[in-house]
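Quantities reported herein were computed from a predicted structural model and do not represent experimental measurements. Every chain is numbered from 1, with letters handed out A, B, ... down the list of sequences.
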Protein chains: 2
Amino acid sequence: MTPQREHVLAAVHKLGHATPEQITEAVPDVDAATVYRALELLEELGLVKHAHLGHGAPSYRPAEDDHIHVVCHTCGRVVDAPHDLVDALEQRLWQERGFAVDRSHFTVFGICADCRESPRAGER
Amino acid sequence: MTPQREHVLAAVHKLGHATPEQITEAVPDVDAATVYRALELLEELGLVKHAHLGHGAPSYRPAEDDHIHVVCHTCGRVVDAPHDLVDALEQRLWQERGFAVDRSHFTVFGICADCRESPRAGER
DNA sequence: TTAAGTGCAAAGAGTTTGCAAATAA
DNA sequence: TTATTTGCAAACTCTTTGCACTTAA
């Protein structure tokens, strides 16, 4: 564990959900390449996790934050949901196919209540 | 509907699941930029859909192919699953939060039965 | 003194954009 | 003509890589 890696890990904890770019901004004295290398290592060590919250960059978070991400297509808002939301799906895929779902790497897309009421078109 | 757009749509139907790059290869007389523009339009028209099947490029398919994607982290294989797999999850998010899940834009990650038995590490 | 980690700059993949030429209404 | 669409090239974003320099065992 080097100082740079500590800084990256601290930034992930501070930011909660963050892209590599945001993390790089939050740790100005660490090079972007080092941030990417650190995130890869921290993920192997099981200290952080990432998920894909849309078209763009992956989002990293502390490994302890075990939840599902629910993302609105329209406003882009990300809401966390309890991970037991996927229990049924997980059991079915396991029993029917022996497929072990990775709940943490999981994103549900759709349209949130606010955006259904007042669609903010083009605000993707 | 121009000839180029017809060709792109035909390629999506032929390929089933395809990235913009694969589609571009399948339609050599159409420029990549035109492929991207066509896919965007075809999606607005409701003729194709896309989902994110991993870190890389999105995957486009005919809009009629209404199913869930299950992707193995290790071997990268993509398996289609019936969309009723998410019924419970969908109902819960709807009732508890008024969130309308987009089932088509949905990917489940994990490890498939084959890869659990004989892990092919590093084959991501 | 050896191995590992870092910063920097360059390269790479995937995608988007500006614009002039081609096509269609 | 007038608007739309295309191809081409350039630009852009995000990420990875090569390599010399630094740091720590």
Side-chain angles (χ1 to χ4, degrees), chain A residues 1-12 15 17-61 69 71 73 76 78 105 107 109 121-124, chain B residues 1-12 15 17-61 69 71 73 76 78 105 107 109 121-124:
Chain A
M1 262 303 187
T2 66
Q4 286 88 340
R5 290 170 183 169
E6 297 280 12
H7 291 153
V8 170
L9 182 56
V12 171
L15 296 172
H17 286 133
T19 63
E21 220 173 358
Q22 293 171 318
I23 295 165
T24 301
E25 281 169 33
V27 189
D29 40 330
V30 180
D31 189 74
T34 302
V35 170
Y36 281 98
R37 289 186 277 228
L39 288 172
E40 195 182 342
L41 180 81
L42 293 172
E43 187 145 34
E44 275 171 29
L45 296 177
L47 298 174
V48 307
K49 286 175 178 277
H50 82 268
H52 300 280
L53 268 38
H55 290 207
S59 177
Y60 286 83
R61 63 184 190 284
H69 299 93
V71 180
H73 274 318
V78 178
H105 196 274
T107 306
F109 295 93
E123 215 191 292
R124 222 208 203 155
Chain B
M1 263 303 186
T2 66
Q4 285 89 340
R5 290 171 184 167
E6 298 280 11
H7 292 152
V8 170
L9 182 56
V12 171
L15 297 171
H17 284 136
T19 63
E21 221 171 357
Q22 294 170 318
I23 295 165
T24 301
E25 281 168 35
V27 189
D29 41 330
V30 180
D31 190 73
T34 302
V35 170
Y36 282 98
R37 289 186 277 228
L39 287 172
E40 195 184 341
L41 180 81
L42 293 172
E43 187 145 33
E44 274 170 31
L45 295 177
L47 298 175
V48 306
K49 285 174 178 280
H50 81 269
H52 299 279
L53 268 36
H55 290 206
S59 177
Y60 285 83
R61 65 184 188 287
H69 300 94
V71 180
H73 275 318
V78 178
H105 196 272
T107 307
F109 295 94
E123 215 191 292
R124 223 215 203 156

Phosphate oxygens OP1/OP2 of [N]: is one of them under 4.0 Å from a side-chain N or O of [X]?
X: B:Thr34; N: D:dT6; value: no
X: A:Gln4; N: C:dG7; value: yes
X: B:Thr2; N: C:dA24; value: no

For the NZ atom of A:Lys49 and the CG atom of A:Leu39, what is their distance to the nearest 0.5 Å?
14.5 Å
If you pin B:Tyr36 and B:Pro3 to their nearest nucleotides in DNA chain C, which one's is more 5'?
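Final value for this comparison: B:Tyr36.
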Please determine, for the side chain of [X], which listed nucleotide ([options]) has the closest atom?
X: B:Ala33; options: D:dA9, D:dT6, C:dC8; value: D:dA9
X: A:Pro58; options: D:dG7, C:dT15, D:dT15; value: D:dT15
X: A:Arg37; options: D:dT5, D:dT15, C:dG7; value: C:dG7

Please work out which of the three classes, parallel, tilted or perpendicular, describes the rings of B:His73 and B:Phe109, given edges at 30° and 60°.
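Parallel, since the angle between the ring planes stays under 30°.
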Atom-pair distance ([atom1] on [X]; [atom2] on [N]), nearest Å:
X: A:Asp31; N: C:dA10; atom1: CG; atom2: P; result: 13 Å
X: A:Ile23; N: D:dT15; atom1: CD1; atom2: C1'; result: 14 Å
X: A:Glu21; N: D:dT15; atom1: CD; atom2: C1'; result: 10 Å
X: B:Leu39; N: D:dT6; atom1: CG; atom2: P; result: 12 Å
X: A:Glu6; N: C:dG5; atom1: CD; atom2: C1'; result: 14 Å
X: A:Glu25; N: D:dT15; atom1: CD; atom2: P; result: 13 Å
X: B:Leu45; N: D:dT5; atom1: CG; atom2: C1'; result: 15 Å
X: A:Tyr60; N: D:dC14; atom1: OH; atom2: C1'; result: 12 Å

Would you say A:Thr107's side chain and A:His52's backbone share a donor-acceptor pair under 3.5 angstrom?
yes
For the pair A:Thr34 (side chain) and A:Val30 (backbone), establish whether a donor and an acceptor sit closer than 3.5 Å, ignoring hydrogens and angles.
no
What nucleic acid atoms does A:Ala57 come within less than 4.0 Å of, heavy atoms only: base, sugar-phosphate, or nothing?
sugar-phosphate
Are B:Gln22 and B:Thr19 side-chain neighbours, meaning at least one heavy-atom pair lies under 4.5 Å?
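Contact flag for B:Gln22/B:Thr19 side chains = yes.
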